[in-house]
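Before any comments, here is the structure.
These figures come from a predicted structure and were not determined experimentally. Order of the sequence lines fixes the chain letters, A, B, ..., with proteins taken first and strands second; residue numbering starts at 1 for each chain.
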Amino acid sequence: MKKTISKKKPASKKIIKEKLPIKDNSKNFSFYEDVWSVALQIPKGHVTSYGAIANYLGTKLSARMVGWAMNAASHSKAKVPAQRVVNRNGTLSGKMHFETPTRMQELLEKEGVKVEKDKVVEFKKIFWDPAKELGF
DNA sequence: AGTATGACTCATT
DNA sequence: AAATGAGCCATAC
């Protein structure tokens, strides 16, 4: 994947990449792309949280940016499985940003993830921590 | 260049 | 246990 960001892409003024284990990627990848890269690696049927991704990127205190990146991803051509990214509670906090509020849940259930009342069932069980799984 | 906002999270009340 | 404040940092205006 190569800069699908099109015209306006954030100039990486921040050097969070230094902390990234995946420097080869970070070299030319922006913060968003870093987030997407992680999101794309989430195994099917598993989910992770904004904070986990943020933590992996070294900015765990700013999980907001991850969500922001997801928002940008939706607008981008990159197909990021944003449905696999939920908040720390396992709640589909971002469902309202999908095409339809129910789309996120449907996508998850289609992948074998049970969702109930906007929350991932057994969230802890299928939780996928990038910092852990990717060998931080 | 300063202010406001957000698909978050944590600590305190 | 629910509500509130604060921290975080990139974007938009």
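- Atom-to-atom, CE of Met70(A) to P of dA10(C) comes out at 16 Å; the value is rounded to the nearest Å.
- If you check every strand for non-hydrogen atoms under 4.0 Å, Ala82(A) touches a base.
- Between the P atom of dA1(C) and the CG atom of Asn89(A) lies a distance of 13 Å, rounded to the nearest Å.
- Nearest to the side-chain atoms of Ser93(A) among the listed nucleotides dA10(C), dA7(B), dT9(B) stands dA7(B).
- Tyr32(A) has a side-chain polar atom (N or O) that falls below the 4.0 Å cut-off from OP1 or OP2 of dT11(C).
- Atom P of nucleotide dG6(B) and atom NE2 of His97(A) are separated by 9 Å, given to the nearest angstrom.
- Comparing dT9(B), dA7(B), dG6(B) by their closest approach to the side chain of Ala63(A) singles out dT9(B).
- The base of dA10(C) lies outside donor-acceptor range of the side chain of Ser62(A), with no N or O pair under 3.5 Å.
- The separation between Asn55(A) atom CG and dC10(B) atom C1' is 14 Å, rounded to whole Å.
- Side-chain atoms of Glu111(A) and Gln83(A) form a donor-acceptor pair, as typed in the model, at a separation below 3.5 Å.
- Judged as a ring pair (Phe, Tyr, Trp, His ring centres under 6.0 Å), and not counting sequence neighbours, Phe98(A) has no contacts.
- Trp36(A) and Tyr32(A) have parallel rings, their planes meeting at less than 30° on a 0 to 90° scale where 60° marks the start of perpendicular.
- Look at CG on Leu61(A): it is 21 Å from P on dG5(C), rounded to the nearest Å.
- Following rounding to the nearest Å, Ile53(A) (CD1) and dT9(B) (P) show an atom-to-atom distance of 10 Å.
- The distance from atom CG of Asn87(A) to atom P of dA7(B) is 12 Å, rounded to the nearest whole Å.
- Judged as a side chain to side chain donor-acceptor pair (under 3.5 Å), and not counting sequence neighbours, the contacts of Gln105(A) are Glu109(A).
- Remark: C1' of dA4(B) and CH2 of Trp68(A) are 10 Å apart, rounded to the nearest angstrom.
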